[in-house]
Student: 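First the structure, which I've put down as structure tokens, then a few questions once you've had a look.
Numbers for residues simply follow the sequence, beginning at 1. Since this is a predicted model, take the numbers as computed values, not measurements.
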Amino acid sequence: MTLKVLSHKSVSLFTAVGGWRTVAEGVASRVLFLVAYLLTEQVVTSALVAIGGVFVFAVVRMCTDRKFWQPMVGLAVVGVSALLAGSTGHAVDFYLTTILMQAGGAVVFLASMLVRWPVIGLVMGAVRGERAAWRRDRERRRRYQMCTAMFLAKFAIATAVLVPLYMAGQLIPLGIAATLLGGAPAAGVCIYLCWRVLRTRP
């Protein structure tokens, strides 16, 4: 899944999400860890299962698409999650990286809006090869701000839902919420909605 699809002439929700393989890759670690822990009640074992699943997806991605940095980033994130959970012995800590990424995303997107350099504008400027030319167009600035606000809402909602569940130690609801709100499903919906806003060029 990539924000570059925002520049496409035709985009379906399925395309925006990235297809079934991207969804599977995006939710694999969280789902595998949760299922493994419910079956074994062993944090380290569950973390290793999650890493193994993501490793398989990464190898397939590298062999079929010749893409290396995305699978490696995914492995690194899962590795940090596994390290956190394994070091503390608390299963909920596996989802701490998801919480931090959502909170960090909210801060970045909010800051970009406040300084009037919305993230979506920067991405579209780079994709279209126009750099910061879009800032001279008031209507396009408005649309980019609106799209950035959609992602900000997604990050804020995810953080607001995940933090209380994490603090309360509610593993199952936390795992489900992290999978849906912190991964490809919610991001794909945001991308699709942004595409609908941007598809008619001002």
Student: Give every donor-acceptor pair under 3.5 Å between a side-chain atom in residues 177-186 and any protein atom, sequence neighbours left out.
Tutor:
unit_1: Thr179; atom_1: OG1; unit_2: Gly175; atom_2: O; d: 2.7

Student: Check whether any side-chain heavy atom of Tyr37 sits under 4.5 Å from a side-chain heavy atom of Thr45, and report yes or no.
Tutor: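 Heavy-atom side-chain distance check fails, nothing below 4.5 Å.
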
Student: With a 4.5 Å heavy-atom cut-off, do Leu198 and Arg140 have their side chains touching?
Tutor: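 No, their side chains stay 4.5 Å or more apart.
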
Student: Output the distance between atom CG (Leu162) and atom CE (Met167), rounded to the nearest 0.5 Å.
Tutor: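 If we round to the nearest 0.5 Å, Leu162:CG and Met167:CE are 13.0 Å apart.
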
Student: Can you name the closest pair of heavy atoms from Arg135 and Val115 and give their distance?
Tutor: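 For Arg135 and Val115, the tightest heavy-atom pair comes out as NH2-O, 4.4 Å.
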
Student: Grab the two heavy atoms, one from Val78 and one from Ser29, that are nearest each other, plus how far apart they are.
Tutor: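 Scanning both residues completely, I find the closest heavy atoms to be CG2-CB, 3.5 Å.
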
Student: Check Val197 against Met150 and note the closest heavy-atom contact, atom names and distance.
Tutor: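 Looks like CG2-CE, 3.5 Å.
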
Student: Just jot down the side-chain contact (heavy atoms from CB on, under 4.5 Å) partners of Thr97, sequence neighbours excluded, or say none.
Tutor: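 Thr97 satisfies side-chain contact (heavy atoms from CB on, under 4.5 Å) with Val77, Val80, Ser81, Leu84 only.
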
Student: Can you list everything that forms a salt bridge (Lys or Arg N to Asp or Glu O under 4.0 Å) with Arg142? Sequence neighbours excluded, please.
Tutor: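 Arg142 satisfies salt bridge (Lys or Arg N to Asp or Glu O under 4.0 Å) with Glu139 only.
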
Student: Should Leu174 and Val163 be regarded as members of a common hydrophobic cluster, given that ILVMFWY residues are connected when their side-chain heavy atoms come within less than 4.5 Å of each other, either directly or indirectly?
Tutor: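 Yes, one cluster joins them.
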
Student: Given a cutoff of under 4.5 Å between side-chain heavy atoms of I, L, V, M, F, W and Y, with clusters grown through shared members, what are the other residues clustered with Leu48?
Tutor: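 Traced through the cluster, Leu48 reaches Val44.
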
Student: Just verifying a value: how many Å separate Arg141 CZ and Met146 CE, rounded to the nearest 0.5 Å?
Tutor: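 So the gap between those two atoms works out to 13.5 Å.
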
Student: Name all residues meeting the side-chain contact (heavy atoms from CB on, under 4.5 Å) criterion together with Val35; count only those two or more places apart in sequence or in a different chain, and write none if there are none.
Tutor: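 Only Val31, Leu39 meet the side-chain contact (heavy atoms from CB on, under 4.5 Å) criterion with Val35.
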
Student: With Ala47, which residues qualify under side-chain contact (heavy atoms from CB on, under 4.5 Å), at least two apart?
Tutor: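 side-chain contact (heavy atoms from CB on, under 4.5 Å) list for Ala47, sorted by chain: Phe33, Ala82.
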
Student: Could you check whether any side-chain heavy atom of Tyr95 comes within less than 4.5 Å of a side-chain heavy atom of Leu165, counting everything from C-beta outward?
Tutor: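 No, side chains not in contact.
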
Student: With clusters defined by side-chain heavy atoms of hydrophobic residues (ILVMFWY) lying less than 4.5 Å apart, directly or transitively, does Val107 cluster with Leu100?
Tutor: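 No, Leu100 and Val107 fall in different hydrophobic clusters.
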
Student: Where is the tightest heavy-atom contact between Lys154 and Ala187, given as atom of each residue plus distance?
Tutor: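 The answer is CE-N, 4.1 Å.
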
Student: Under the side chain to side chain donor-acceptor pair (under 3.5 Å) definition, can you give me all pairs with a residue in residues 104-125, not counting sequence neighbours?
Tutor: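 Residue pairs with at least one partner in residues 104-125: there are none.
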
Student: Does Met101 CE have over 12 foreign heavy atoms under 6.0 Å away?
Tutor: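 Counting other residues, nucleotides and ligands, CE of Met101 stays at 12 neighbours or fewer.
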
Student: Who clusters with Val49? Use side-chain heavy atoms, under 4.5 angstrom, across I, L, V, M, F, W and Y, and order the result by chain and number.
Tutor: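 Joined to Val49, directly or through intermediates: Leu32.
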
Student: Would Leu152 and Met113 count as a side-chain contact (heavy atoms from CB on, under 4.5 Å) here? Give the steps.
Tutor: CA-CA 9 Å; Leu152 171 59; Met113 292 182 66; 4.0 Å; yes

Student: Apply side chain to side chain donor-acceptor pair (under 3.5 Å) to Tyr144 and list each qualifying residue two or more places apart in sequence or on a separate chain.
Tutor: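 By the side chain to side chain donor-acceptor pair (under 3.5 Å) rule, Tyr144 matches Arg128.
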
Student: Just to verify, what does Thr88 make a side chain to side chain donor-acceptor pair (under 3.5 Å) with, not counting sequence neighbours?
Tutor: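 Partners of Thr88 by the side chain to side chain donor-acceptor pair (under 3.5 Å) criterion, ordered by chain and then number, come out as Asp93.
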
Student: Is there a donor-acceptor pair closer than 3.5 Å between any side-chain N or O of Thr148 and the backbone N or O of Ile120?
Tutor: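 Between the backbone of Ile120 and the side chain of Thr148 there is a qualifying donor-acceptor contact (under 3.5 Å).
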
Student: Evaluate the side-chain proximity of Met124 to Trp134: yes if any heavy-atom separation is below 4.5 Å, no if none is.
Tutor: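 Counting from C-beta outward, Trp134 and Met124 never come under 4.5 Å.
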
Student: Can you list everything that forms a ring-ring contact (aromatic ring centres under 6.0 Å, His included) with Phe155? Sequence neighbours excluded, please.
Tutor: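 Phe155 satisfies ring-ring contact (aromatic ring centres under 6.0 Å, His included) with Phe109 once adjacent residues are dropped.
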
Student: Linking I/L/V/M/F/W/Y whenever their side-chain heavy atoms sit closer than 4.5 Å, directly or via other members, would Val108 and Ile191 fall into one cluster?
Tutor: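 Cluster IDs for Val108 and Ile191 match.
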
Student: Are Ser46 and Phe94 close enough that some pair of their side-chain heavy atoms sits under 4.5 Å apart?
Tutor: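 Ser46 does not reach Phe94 side chain to side chain.
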
Student: Please list, chain by chain and in numerical order, all residues satisfying side-chain contact (heavy atoms from CB on, under 4.5 Å) with Ile172, sequence neighbours excluded.
Tutor: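 Only Leu34, Leu38, Ile176 meet the side-chain contact (heavy atoms from CB on, under 4.5 Å) criterion with Ile172.
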
Student: Does any part of the side chain of Val119, heavy atoms only, come nearer than 4.5 Å to the side chain of Phe151, both counted from C-beta?
Tutor: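 With C-beta onward as the side chain, the pair stays apart.
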
